[in-house]
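Worksheet: one structure, shown below.
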2 protein chains.
Amino acid sequence: MQARPSQAREKLLTSALSVIRAKGFSATSVDELCANAGVTKGAFFHHFTSKEALGVAAADYWSEFTGALFAAAPYHDLADPLDRVLAYIDFRRQLLAGELPDYTCLVGTMVQETYLTAPQIRDACHASIEGHALTLVPDIQAAMDARGMRDAGWTAESLALHTQVVLQGAFVLAKARDSVSVAIDSINHLKRYVTLLFSHPVEKAA
Amino acid sequence: MQARPSQAREKLLTSALSVIRAKGFSATSVDELCANAGVTKGAFFHHFTSKEALGVAAADYWSEFTGALFAAAPYHDLADPLDRVLAYIDFRRQLLAGELPDYTCLVGTMVQETYLTAPQIRDACHASIEGHALTLVPDIQAAMDARGMRDAGWTAESLALHTQVVLQGAFVLAKARDSVSVAIDSINHLKRYVTLLFSHPVEKAA
DNA sequence: GACTACATACCGACCAGTTGGTATGTAATT
DNA sequence: AATTACATACCAACTGGTCGGTATGTAGTC
């Protein structure tokens, strides 16, 4: 389909994932990205019309990457929907290995810098987070239905988003403390919350 | 005590709070900061040795600002420690008014960009978050002690940090969605969690 | 209270290096 | 020959930061 298969684009996107997660989007220069990827500036602007366009493409690339990662994860194999949700949380905790830039979230980092100045990047980050969160909704809803939780005062979607809130916040505090332990603690709190939600008798919404 | 009271420094710090929260630290230039504050570049570098030094000063300024805000907040007046913790969460939810840059956290935004490249800023951000979280520990601990919760499997400090995790994460998702509602939902989940933690019979740690 | 000595607060022109982006060329594939 | 995928050279604007200078104060001395 192409004269030469595009290697530069892939290399630039791969570099973008690591460099932007380490330094942030604004502080990452096009030159630095090119150097890290081992390509020239001409190649960069051949594949991306602007730095902002690369940001959008990087967020999309991140969505594909994480989509494949979680689709192949083992937590889907469990029979009970609540077990799957809890195993998802365990899986997220297991992912916290290596150095900070290796396990933090690209789109969570980018959206903080760009939500006002680059709406297209913000939208791509939003789609990435939202898309991932929505994969949890069917299991949460099934667990609620199995227990006849109708008027719980919260929705499956809001709990799915809350898991992402905890994870994003955990990354922020992990960066501030330069330590993963606070993130692990918070994920444990999250798992305890979900367990309590489904073990407690249903309370009437206020 | 001084020849002329330094107006430029104060104006620069005030500007820094709003501009950095809107655009991020890296994307905020010294020139822009000066223009926003109505001072010259000479004044900037008279008061701050570098842009990074301003970042540190802004984080410290933020700590003072928020310290005064929460010290004067009404949730301290309640008699029961658990009520104080829950009222703190309510207070945080009430603060989510106005536009996004008005209620988001300066140090949470800054630390994401600087945790690897500017350790001094990271440390100042860390101190700000940590210092605030620690103000919650005595009330949480008192609530635990009142219920004889010894081996709960979590500590007062970890729960205090978890509240900050939820808040920071809520800001991230609010920016991504350009909507405050997801933040409110997550704070409600947090309050529900704390309520459940203290209403549930103590479980043995695994 | 006038003079000296000095400190602080601020100004704005200027600098070298970097920024995102462009214009033009070339080599391989179809 | 046309298209794609790069490479090289280059640019105007902007970056953080410097520097000489000025205006305005305070403190001590006489």
Side-chain angles (χ1 to χ4, degrees), chain A residues 1-17 19-20 22-59 61 109-110 113-114 116-122 124, chain B residues 1-17 19-20 22-59 61 109-110 113-114 116-122 124:
Chain A
M1 201 194 297
Q2 289 163 333
R4 254 180 299 173
S6 165
Q7 318 165 45
R9 187 186 148 89
E10 200 84 0
K11 283 196 282 187
L12 281 167
L13 287 173
T14 305
S15 292
L17 295 198
V19 179
I20 294 176
K23 309 187 54 177
F25 180 74
S26 300
T28 299
S29 72
V30 174
D31 280 338
E32 189 181 357
L33 228 37
C34 292
N36 187 283
V39 305
T40 61
K41 220 165 178 175
F44 183 100
F45 284 100
H46 173 71
H47 290 288
F48 307 103
T49 60
S50 65
K51 188 191 173 189
E52 181 172 350
L54 169 106
V56 173
Y61 193 70
T109 302
M110 271 207 297
E113 299 180 67
T114 58
L116 272 183
T117 50
Q120 299 190 14
I121 296 181
R122 184 202 61 207
Chain B
M1 204 194 292
Q2 288 165 333
R4 252 180 301 174
S6 165
Q7 318 165 45
R9 189 186 147 90
E10 201 84 0
K11 283 196 281 185
L12 281 167
L13 287 173
T14 305
S15 292
L17 295 198
V19 178
I20 294 176
K23 308 187 54 175
F25 180 75
S26 300
T28 299
S29 73
V30 174
D31 279 338
E32 188 180 359
L33 228 37
C34 293
N36 187 284
V39 305
T40 61
K41 220 165 180 176
F44 183 101
F45 285 100
H46 172 71
H47 290 288
F48 308 103
T49 59
S50 65
K51 189 192 171 187
E52 181 172 349
L54 169 106
V56 174
Y61 193 69
T109 301
M110 271 207 297
E113 299 179 69
T114 58
L116 272 182
T117 50
Q120 298 190 12
I121 296 181
R122 184 203 59 205

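Source: prediction; values computed, not measured. Just the heavy atoms: all of them, side chains too, but no hydrogens, waters or symmetry mates, feed the values below. Labels below follow one simple rule: chain letters A, B, ... track the order of the sequence lines, proteins then strands, and each chain is numbered from 1.
Contact annotation for Ser26(A): no contact, since no heavy-atom pair falls under 4.0 Å across all strands. Within the 4.0 angstrom heavy-atom criterion, base atoms lie near Thr40(A).
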- Task: List the steps, then state whether side-chain contact (heavy atoms from CB on, under 4.5 Å) holds for Phe25(A) with Thr109(A).
- Result: CA-CA 8 Å; Phe25(A) 180 74; Thr109(A) 302; over 6 Å; no
- Task: Test Leu54(B) against Phe44(B) for side-chain contact (heavy atoms from CB on, under 4.5 Å), laying out the working first.
- Result: CA-CA 9 Å; Leu54(B) 169 106; Phe44(B) 183 101; 3.8 Å; yes
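If you take CG of Asp31(B) and C1' of dG17(C), they are 15 Å apart, rounded to a whole angstrom. Leu54(B) has its CG atom 15 Å from the C1' atom of dT15(D), to the nearest Å. Atom C1' of nucleotide dA9(C) and atom CZ of Arg9(B) are separated by 13 Å, given to the nearest angstrom. Remark: C1' of dA7(D) and CG of Leu12(A) are 14 Å apart, rounded to the nearest angstrom. Going from atom CZ of Phe45(B) over to atom P of dG20(D) covers 17 Å, rounded to whole Å. What separates NZ of Lys41(B) from P of dC10(C) is a distance of 18 Å, to the nearest Å. The NZ atom of Lys23(B) sits 13 Å away from the C1' atom of dT15(D) (whole-angstrom rounding). Whole-Å rounding puts the Phe44(B) CZ to dT15(D) P distance at 13 Å.
Summarising the geometry, atom CG belonging to Leu116(A) is positioned 8.0 Å from atom CZ belonging to Arg122(A); distances are rounded to the nearest 0.5 Å. Remark: Phe48(B) CZ to Leu33(B) CG distance equals 8.5 Å, nearest 0.5 Å.
With the nearest nucleotide of DNA chain C identified for both Ala43(B) and Glu52(A), Ala43(B) has the one nearer the 5' end. Position along DNA chain C of the nearest nucleotide to Gly42(B) versus Val30(A) favours Gly42(B) as the more 5'-ward residue.
A donor-acceptor pair is defined here as one N or O able to donate and one able to accept, closer than 3.5 Å; such a pair exists between the side chain of Ser50(B) and the backbone of Ala53(B).
Distances shorter than 4.0 Å separate none of the side-chain N or O atoms of His46(B) from OP1 or OP2 on dC11(C).
At a cut-off of 3.5 angstrom, the base of dG17(D) holds no donor-acceptor pair with the side chain of Lys51(B).
When distances run from any side-chain atom of Ser50(A) to the nucleotides dG17(D), dG21(C), dC6(D), the shortest one goes to dG21(C).
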